Colleague: 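Could you have a look at this structure, given as structure tokens, before my questions?
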Amino acid sequence: VKKEPATTINSTASENVSANRAEEEKKDVTILEEEQQEQKQNTSNIQLPGASDSTNAREVICAVRKQNILCTAFHPEITSDTRWHSYFVNMVREDSVRRSN
């Protein structure tokens, strides 16, 4: 008979621990959301050099070249912009001139 109150106390203590954990998790989520919002605001204030328009679009590496190898992170053949094709043709010309000398 005396063990019942102990079980009730343990049950109440367990509920309190669970409630405290839930509150701490809510605080953690709130802090994380605030940090993400702050980071987003800070990022939107960055002025990127060379941005082509007023959108301040992010610049990323989209191609690499090492000697006669050119790799792109996109498909230039599906755009109407021919600058990459011209660049590649010039690479081929430069290589053929180099090889002929």
Side-chain angles (χ1 to χ4, degrees):
V1 177
K2 291 184 179 181
K3 291 183 180 180
E4 270 185 46
T7 304
T8 305
I9 290 171
N10 287 339
S11 176
T12 304
S14 177
E15 289 171 4
N16 286 342
V17 168
S18 294
N20 287 341
R21 283 186 186 153
E23 283 299 314
E24 288 298 318
E25 287 176 5
K26 284 181 186 177
K27 286 179 186 176
D28 290 345
V29 168
T30 301
I31 290 170
L32 181 61
E33 288 172 347
E34 288 172 356
E35 288 174 352
Q36 289 173 340
Q37 185 65 26
E38 183 179 321
Q39 193 174 37
K40 192 182 233 183
Q41 289 173 346
N42 289 341
T43 302
S44 65
N45 294 333
I46 296 173
Q47 295 298 315
L48 296 171
S52 61
D53 56 22
S54 62
T55 64
N56 199 28
R58 303 288 186 270
E59 291 182 357
V60 295
I61 295 172
C62 60
V64 292
R65 178 182 177 180
K66 183 174 182 180
Q67 297 171 350
N68 65 337
I69 299 172
L70 178 65
C71 297
T72 60
F74 63 98
H75 291 275
E77 71 276 7
I78 62 172
T79 69
S80 60
D81 189 340
T82 60
R83 291 179 292 175
W84 282 105
H85 298 92
S86 298
Y87 185 82
F88 180 73
V89 168
N90 285 332
M91 279 180 57
V92 172
R93 285 183 185 145
E94 289 171 2
D95 191 58
S96 52
V97 167
R98 181 185 63 78
R99 288 176 186 237
S100 67
N101 290 334

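As the structure is a computational prediction, the values presented were derived from the model and not from experiment.
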Colleague: How far apart are the closest heavy atoms of Leu70 and Arg65, and which atoms are they?
Modeller: CD1-CB, 4.1 Å
Colleague: Of all residues at least two apart in sequence or in a different chain, which pass the side-chain contact (heavy atoms from CB on, under 4.5 Å) check with Glu77?
Modeller: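 Testing Glu77 for side-chain contact (heavy atoms from CB on, under 4.5 Å), a comparison that skips the adjacent residues, returns His75, His85.
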Colleague: Just jot down the salt bridge (Lys or Arg N to Asp or Glu O under 4.0 Å) partners of Arg21, sequence neighbours excluded, or say none.
Modeller: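 For Arg21, no residue satisfies salt bridge (Lys or Arg N to Asp or Glu O under 4.0 Å) once neighbours in sequence are set aside.
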Colleague: When you group the ILVMFWY residues by side-chain heavy-atom contacts below 4.5 Å and let the links chain together, are Val89 and Trp84 in the same group?
Modeller: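 Hydrophobic grouping puts Trp84 apart from Val89.
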Colleague: Under the rule for side chain to side chain donor-acceptor pair (under 3.5 Å), what residues qualify as partners of Asp95, not counting sequence neighbours?
Modeller: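 For Asp95, the residues satisfying side chain to side chain donor-acceptor pair (under 3.5 Å) (neighbours in sequence not counted) are Arg98, Arg99.
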Colleague: Output all residues satisfying side chain to side chain donor-acceptor pair (under 3.5 Å) with Asn101, sequence neighbours left out; order by chain, then residue number.
Modeller: none
Colleague: What is the distance from atom OG1 of Thr82 to atom OH of Tyr87, rounded to the nearest 0.5 Å?
Modeller: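 Interatomic distance, Thr82 OG1 to Tyr87 OH, rounded to 0.5 Å: 15.0 Å.
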Colleague: Is Phe74 reachable from Met91 through a run of I, L, V, M, F, W or Y residues, each pair having side-chain heavy atoms under 4.5 Å apart?
Modeller: yes
Colleague: For Glu24, check salt bridge (Lys or Arg N to Asp or Glu O under 4.0 Å) against everything at least two apart and list the hits.
Modeller: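 So Glu24 forms a salt bridge (Lys or Arg N to Asp or Glu O under 4.0 Å) with Lys27.
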Colleague: Suppose we screen for side chain to side chain donor-acceptor pair (under 3.5 Å). Which residues come up paired with Asp81, at least two apart in sequence or across chains?
Modeller: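 Testing Asp81 for side chain to side chain donor-acceptor pair (under 3.5 Å), a comparison that skips the adjacent residues, returns Arg83.
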